[in-house]
Asks: 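First the structure, which I've put down as structure tokens, then a few questions once you've had a look.
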Amino acid sequence: MAAELQTSPLLGLSADEAAARLQAYGPNRLEQARRPAYARIALRQFRDPLVVLLAAAAVVSLVVGEGLEAVVVAIIVVLNAILGFVQEAGAERAVLALGQSVARTATVVREGNESEIPAAEVVPGDLLIVHDGDRVAADARLVEVSGLEVDESMLTGESVPVAKHVEPVPVDAPPAERESMIFGGTGATRGRAAALVTATGAGSEVGRLTGLMQSIRRLPTPLQLRLGALARVMAIAGGVLTIVLGGMLWVQGAPAQEAFLVGVAVAVAAVPEGLAATVTIALALGARAMATRGAIVRRISAVETAGQATVICADKTGTLTENRLRVVATSPAPGWTTRDVLEAAVVASSGGISDPVEAAIAEEAVAHGLEGRRSDRAVHEIPFDALRKRMTVVMSTSSETVAFVKGAPELVIERSLADSTRARLQATAQAWAEEGLRVLAVARRDLPSDAPLDEDEIERELVLVGLLALHDPLRATAAEAVEAARAAGVRLKMLTGDHPVTAHAIASSLGIEEQDVFARITPADKLRIVEELQKGGDVVAVTGDGVNDAPALRRADVGIAMGRSGAEAAREAS
């Protein structure tokens, strides 16, 4: 990889080469709207076919001498446009405010020196350094890993942080299975790593998804289609009426010009001048009512479309669930308690506040009256990594030295003392895993004060303390929302990039049928599913919060993005 990128995995790029590549590849950022496009929003208010018909009626009225009629119709058209503009411009400003954030930086090695630079200046070939809590600046191939885990939920839908390693993976593996890569926009939750940047800006995984989203044409809403059809029928009817009525008057002896003007006047009088304004006012009131419940409507026509939806394609992570891990069960080994399990798990942690697993354990420990963080008596630590799948911390006092181990049940249990406890905990761990839970085993070992602090010596003949299970809980309103959709005759499909076991467990708890669950799918898969449903005549609503949801959100008849927790690309696509 270093040879392909013409860089050094130790020294990184030279300053001159980095500058040349920045010139060649451009800044490491995606094009983003700095402010609402007011001119485009205003123009959109006059593109409605019914409004065009009204404008034409005003012009014709003026031509035939009906000045008052022309002024009234023109005022209605302008007021209708102002009302729509105010609603949509306000919504765009709200969406923009949600996406504002401070400028990001990145740590890179250039000419052997580690320095912090603006993320926009990262280029392919840079040696990127990622620490616990960092936001990854660009797509990169890992060359050195020390216990790195990355939250990729916004890109892949995987609710649990992914453990990374340097071993190669198939080049055609989906992003969710590329454990040797890190991707721009994702967040490191623990550990440290060095990686060679492979793609920046529009060439990154997020950039490609954003490009796919922007290439998708928005579909007119059902209301727009019906109003357009109505406008066409009225225009044709008006033309026919003008010809028929004018012809009849001309046959009866009226002058041709007078007959024509009378026919036009009657046709214009038949145009429902108040219809466009009535529709806009009704939709604006609906948008305002939705805003009071926390839903920002960017285009007021979406109010009616949402009511017409026949299918909802819902993302799982962050939409149906909170995208926040919590401890939901513990299973202490004989002789131990839940408090013991939680206390041991807290001790066998790195103490990193950005790790959602450790944050969930700390939160549960505090709820049981424990400290929630390990003490400062740690004398040795063997960090977690993707191959070991466990972490060990040695604590020492004047009276004892104890090793605490936390990790994958199959690995921790096999290193424990053989007794009946092993079989019971293995069965429990298996049952929890089949329910889609993240399961951890916790163990300890008393050590001689002079014991060698190496992995083989510490992590053997362990005494099992117990198991704990975590998952990303359902949103409080998820079950109610699913039931309300079902009662309204709207089908619900779950589309997620998460693991099938986890997806089916969530679906089962919500009563979603198995044939409506799509797991481990890519953003392109989500887009194809939406398009196939639309071809079948369905009006499709899509809900999501991640960059991986953006193409489907854009293509949907109505896209619903999670505002506070969602990615900016998802909000832009909605």
Side-chain angles (χ1 to χ4, degrees), residues 132-133 149 151 153 158-161 187 189-190 316-378 381 384 390-393 395 397 402-409 412-413 421 424-425 428-429 431-444 462-480 498 502 505-506 509-510 562 564-565:
D132 173 13
E149 287 191 353
D151 178 2
S153 58
E158 183 75 61
S159 57
V160 177
T189 60
R190 74 151 74 212
K316 181 190 75 66
T317 306
T319 304
L320 294 175
T321 67
E322 296 180 358
N323 195 18
R324 185 170 72 93
L325 289 178
R326 290 184 181 175
V327 175
V328 294
T330 59
S331 179
W336 302 98
T337 67
T338 293
R339 284 175 59 90
D340 294 327
V341 175
L342 292 170
E343 186 172 25
V346 167
V347 173
S349 298
S350 63
I353 60 173
S354 61
D355 187 326
V357 173
E358 294 189 353
I361 293 172
E363 180 181 4
E364 188 68 11
V366 170
H368 281 76
L370 299 172
E371 184 66 23
R373 57 187 178 86
R374 78 185 196 193
S375 69
D376 57 2
R377 293 181 287 113
E381 179 179 307
F384 175 92
R390 60 187 182 275
M391 177 177 184
T392 297
V393 174
M395 306 294 288
T397 66
V402 183
F404 294 88
V405 182
K406 175 177 95 275
V412 174
I413 291 175
T421 300
R424 183 176 71 79
L425 291 182
T428 301
W432 283 352
E434 290 174 356
E435 294 175 9
L437 303 179
R438 170 78 177 267
V439 186
L440 295 174
V442 183
R444 57 174 284 164
L462 301 174
V463 176
L464 290 170
V465 179
L467 304 174
L468 51 84
L470 307 93
H471 81 150
D472 179 11
L474 291 172
R475 287 187 179 271
T477 56
E480 179 183 348
D498 211 340
T502 306
I506 293 294
S509 65
L510 291 172
M562 309 304 288
R564 292 187 178 89
S565 60

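The first residue of the sequence shown is numbered 1, and numbering continues consecutively from there.
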Asks: Here's one to test your reading of the geometry: is the NZ or CZ of Arg190 within 45 degrees of the ring axis of Phe384 and under 6.0 Å from its centre?
Replies: yes
Asks: Taking only residues two or more places apart in sequence or in another chain, which ones pass side-chain hydrogen bond (donor to acceptor under 3.5 Å, both in side chains) with Thr321?
Replies: Asp472
Asks: Suppose we screen for side-chain hydrogen bond (donor to acceptor under 3.5 Å, both in side chains). Which residues come up paired with Arg326, at least two apart in sequence or across chains?
Replies: Glu322
Asks: With sequence neighbours left out, write down each residue that passes side-chain contact (heavy atoms from CB on, under 4.5 Å) with Ala433, or none if nothing qualifies.
Replies: none
Asks: Who are the side-chain hydrogen bond (donor to acceptor under 3.5 Å, both in side chains) partners of Glu363, not counting sequence neighbours?
Replies: Arg324
Asks: Look at the side chain of Lys406 and the backbone N and O of Met391, then say whether any donor-acceptor pair between them is shorter than 3.5 Å.
Replies: no
Asks: Who are the side-chain contact (heavy atoms from CB on, under 4.5 Å) partners of Thr502, not counting sequence neighbours?
Replies: Lys316, Asp498, His499
Asks: Mind checking side-chain contact (heavy atoms from CB on, under 4.5 Å) for Ala329 and listing every partner two or more places apart, or none if nothing turns up?
Replies: Trp432, Ala469
Asks: If the condition is side-chain hydrogen bond (donor to acceptor under 3.5 Å, both in side chains), which residues does Thr330 pass it with, not counting sequence neighbours?
Replies: Thr338
Asks: Considering residues at least two apart in sequence or located in another chain, which fulfil the side-chain contact (heavy atoms from CB on, under 4.5 Å) criterion with Val402?
Replies: Glu400, Phe404, Arg444, Asp446
Asks: Return the set of residues passing salt bridge (charged side-chain N to carboxylate O under 4.0 Å, His left out) with Glu371 (not counting sequence neighbours), or none when no residue passes.
Replies: Arg373
Asks: I'd like a table of donor-acceptor pairs (distance under 3.5 Å, sequence neighbours excluded) in which one partner is a side-chain atom from residues 340-347, with atom names and distances.
Replies:
| residue | atom | partner | partner atom | Å |
| --- | --- | --- | --- | --- |
| Asp340 | OD2 | Thr337 | N | 2.9 |
| Asp340 | OD2 | Thr337 | OG1 | 3.1 |

